[in-house]
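To start, the structure under review is shown below, and the notes come after it.
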Amino acid sequence: MRTKEATPADYKRIFEEMPGGAPVLEELTQRFGREAYVKGGTEGDRETCYRAGQRSVLDFILSQINRADGVEDYVED
């Protein structure tokens with residue numbers, strides 16, 4: 001079975017146009033959109049990496065919505 005690859009328009013439709021999509025995106029942003037950096041040596045480094053991983057998923061979703069709106073994200077890693 002072949003599946004269709006998700007497009008930026010799919011992300012926009014799901015999170016901005018479908019009922020319940022906007023509140024879900026808002027909750028994801030509140031939960032995972034915080035600053036990644038944490039002070040505190042090895043444990044701080046570990047928590048920073050964990051938060052950055054969570055944040056990257058949210059950033060991907062938001063970048064797909066932006067692409068659907070015609071906004072290109074230029075972020076240097």
Side-chain angles (χ1 to χ4, degrees):
M1 181 174 164
R2 188 172 170 175
T3 60
K4 175 187 169 257
E5 200 169 307
T7 67
D10 294 327
Y11 286 87
K12 179 179 174 66
R13 184 173 42 260
I14 290 167
F15 289 108
E16 290 188 345
E17 298 171 2
M18 291 186 76
V24 169
L25 183 59
E26 179 63 30
E27 183 176 347
L28 291 172
T29 301
Q30 288 175 0
R31 184 176 297 256
F32 302 114
R34 62 186 172 187
E35 175 67 37
Y37 179 73
V38 176
K39 294 182 184 179
T42 304
E43 286 302 314
D45 290 344
R46 189 172 302 158
E47 182 66 18
T48 296
C49 290
Y50 179 75
R51 287 184 183 187
Q54 291 180 323
R55 175 68 190 239
S56 69
V57 174
L58 177 62
D59 289 344
F60 177 79
I61 292 169
L62 294 173
S63 72
Q64 293 298 303
I65 294 170
N66 284 340
R67 286 182 65 200
D69 288 334
V71 177
E72 291 294 327
D73 293 334
Y74 297 103
V75 178
E76 292 184 34
D77 292 328

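Computed from heavy atoms alone, side chains included, the values below leave out hydrogens, waters and symmetry copies.
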Check: residues 31-42 side-chain donor-acceptor pairs under 3.5 Å, at least two apart:
from  : atom 1 : to    : atom 2 : distance (Å)
Arg31 : NH2    : Glu27 : OE2    : 3.4

Show me, pair by pair, the donor-acceptor contacts under 3.5 angstrom made by side chains of residues 18-25, not counting sequence neighbours?
none

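The CG atom of Leu62 sits 4.5 Å away from the CG atom of Leu58 when rounded to the nearest 0.5 Å. The distance from the CG atom of Asn66 to the CD1 atom of Ile61 is 12.0 Å, given to the nearest 0.5 Å.
Annotation: side-chain hydrogen bond (donor to acceptor under 3.5 Å, both in side chains) contacts of Lys4 (sequence neighbours excluded): Asp10. With sequence neighbours excluded, the residues forming a side-chain hydrogen bond (donor to acceptor under 3.5 Å, both in side chains) with Asp69 are Lys12, listed by chain and number.
Residue pairs satisfying the ring pair (Phe, Tyr, Trp, His ring centres under 6.0 Å) criterion with at least one member in residues 4-27, sequence neighbours excluded, are listed as follows: Tyr11-Phe60. Note on residues 46-57: pairs passing side-chain hydrogen bond (donor to acceptor under 3.5 Å, both in side chains), not counting sequence neighbours, are Glu43-Arg46, Glu47-Arg51, Tyr50-Gln54, Arg55-Asp59.
Residues Pro8 and Ala68 approach most closely at O-CB, 3.4 Å, considering heavy atoms.
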